[in-house]
Amino acid sequence: MIGQVRQWLGAARHGAGLTGAGMSAESGVPTFRDGQTGLWAKFDPQQLATEEAFRANPAMVWDWYAFRREMVARVEPNAGHRALAAFAQRHPQRLTLITQNVDGLHQRAGSVGVLALHGNISEDKWLDAPNACCNPSLALPGSPPCCKGCGNMRRPAVVWFGEALPLQTLADAEAAAQECDLMLVVGTSGLVYPAAGLARIARGKVAIINPEPTELDSAADAVLRGKAAQLLPQLLED
Ligand code: BV8
């Protein structure tokens, strides 16, 4: 089957990649399905990653993101991230990379123009619309830091459940899906929307890379049962 997908890739003028948490699993970043580790094990990430949870307990949710940020800063992109970046360098404009991941590992591997649908965990923004007094560099330190003028809180620059995705990024991702000859869907359970919907609107062939069955298998033309850092180098080498 990998031979078939390599053929489709060879013939593809417009390739698209849609990646999820499984893409970073071999870098040591636990997936959402894997559940949390250590003191966060008892929390459902989908409950924590909401504005409600943050407003109800800002310190707890801020510390959860601080824990994940430290973890992401400690890990390295894996061979799968590097293979995607190298392919794009060898074949400019032939691969649009769309990710649900907020870990920045695609970008650290050298991928450019990554459409990060759910934001970036290493960046912050204001929780409420900033007032004249809201200056990030003057924010009072704490969990979370807040504006000393009005108390506005800093929050991670990620898309929480129930929040809209960045409109231009989503529009670019939908255009890439509707134009693609081949979409590689890597390391996603296909449960979170609108991201998973991109595989369902893909114009071209859809090839899934995942060691486990997913919600999107029924929409796929090929399913490669395996891990991202092992299969992507084989698939993407010239
Ligand atoms: C919105 C950032 C509306 C935060 C994230 C339609 C149907 C049903 C529900 C909805 C729908 N439309 C909207 C919803 C609601 C909701 C949703 O989808 N809920 C689901 C859970 C039922 N969607 C939303 O709330 C979205 N917003 O709809 O807003 C709106 C519109 C206009 C105006 C106002 C509001 C926002 C969704 C984004 C939420 N933020 N992340 C943070 O990270 O803290 S989502 C987050 O979870 C990740 O970014 C990722 O997207 C998702 C986890 O999914 P996966 O990446 O797939 O990871 P998972 O752990 O599930 O699976 C891992 C996979 O990897 C597995 O299959 C495993 O087998 C595989 N794997 C493991 N190891 C490997 C591997 N694969 C390859 N190699 C390996 N080594």
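In each ligand, atom 1 is the first atom listed, and ligand 1 is the first ligand listed.
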R74/E70 ion pair, N-O < 4.0 Å: no
Under 4.0 Å from a heavy atom of G187: which atoms of ligand 1 are those, numbered in the order shown and with their elements? 63 (C), 64 (C), 65 (O), 76 (N), 77 (C)
Sub-4.0 Å heavy-atom approach of G162 to ligand 1: yes
Give a yes-or-no answer on whether the side chains of Q100 and T188 include a donor-acceptor pair shorter than 3.5 Å. yes
For V5 versus A222, what's the shortest heavy-atom pair and its separation? CG2-CB, 3.8 Å
Checking N101 side chain against D103 main chain: does a donor-acceptor pair fall under 3.5 Å? no
E212 neighbourhood, listing ligand 1 atoms whose heavy-atom distance to it stays under 4.0 Å: 69 (O)
Provide the number and element of each atom of ligand 1 under 4.0 Å from a heavy atom of G20. 56 (O)
Inspect the surroundings of CZ in R13 and state if more than 12 heavy atoms from other residues, nucleotides or ligands are less than 6.0 Å away. no
Which of the listed options, A164, A229, G190, holds the heavy atom that is closest to atom 32 (C) of ligand 1? A164
Which of the numbered atoms in ligand 1 are below 4.0 angstrom from a heavy atom of E163? 1 (C), 26 (C), 27 (N), 29 (O), 35 (C), 36 (C)
Side chain or backbone, does Y193 bring an N or O within less than 3.5 Å of an N or O on ligand 1? yes
Side-chain donor or acceptor of R69 paired with backbone N/O of E123 under 3.5 Å: yes
Please determine if S189 has a nitrogen or oxygen closer than 3.5 Å to a nitrogen or oxygen of ligand 1. yes
Compare V192, V159, N210 and give the one whose heavy atom is closest to atom 52 (C) of ligand 1. V192
Once you measure the plane-to-plane angle for H106 and H81, does it fall in the parallel (<30°), tilted (30-60°) or perpendicular (>60°) bin? perpendicular
Consider only side-chain heavy atoms of I, L, V, M, F, W and Y, link residues closer than 4.5 Å, and tell whether W8 and F87 are in one cluster. yes
Which heavy-atom pair separates L127 from W160 by the least distance, and what is that distance? CD1-CZ3, 4.2 Å
Would you call R68 a ligand 1 contact, heavy-atom distance under 4.0 Å? yes
Under 4.0 Å from a heavy atom of Y65: which atoms of ligand 1 are those, numbered in the order shown and with their elements? 4 (C), 42 (C), 44 (O)
Output yes when the distance from some N or O of ligand 1 to some N or O of F161 is under 3.5 Å, and no in every other case. no
When you measure from atom 57 (O) of ligand 1 to each heavy atom in L170, V29, T31, T188, which option holds the nearest one? T188
Test your reading of the structure: does P194 have an N or O sitting under 3.5 Å from an N or O of ligand 1? no
Per-atom contacts of ligand 1 with Q100, taking only distances under 4.0 Å to non-hydrogen atoms: 48 (C), 49 (O), 50 (C), 51 (O)
Considering distance alone, does some N or O of K227 sit under 3.5 Å from an N or O of ligand 1? no
Under a 4.0 Å threshold between the charged nitrogen and the carboxylate oxygen, would R6 count as salt-bridged to D238? no
Determine, for D217 against R225, whether the closest basic-nitrogen to carboxylate-oxygen distance falls under 4.0 angstrom. yes
Please say whether V102 places an N or O atom under 3.5 Å from an N or O atom belonging to ligand 1. no
Counting heavy atoms only, which of G226, P30, P156, G22 comes nearest to atom 72 (C) of ligand 1? G22
Between L191 and ligand 1, which residue portion shows a heavy-atom distance shorter than 4.0 Å: side chain, backbone, both, or neither? backbone
Run down the list S27, A25, P213, P211 and name the one with the heavy atom closest to atom 75 (C) of ligand 1. P211
Face-on cation placement of R68 at W64 ring, 6.0 Å and 45° thresholds: yes
Sub-4.0 Å atoms of ligand 1 with respect to non-hydrogen atoms of E26: 78 (N), 79 (C), 80 (N)
Say whether A49, considering both its backbone and side-chain N or O atoms, lies within less than 3.5 Å of an N or O atom on ligand 1. no
Examine A21 against ligand 1 and note whether any of their N/O atoms are separated by less than 3.5 Å. yes
W126 ring centre to R155 NZ or CZ under 6.0 Å, with the angle to the axis within 45°? no
Indicate whether the side chain of T214 and that of S189 have a donor and an acceptor atom separated by less than 3.5 Å. no
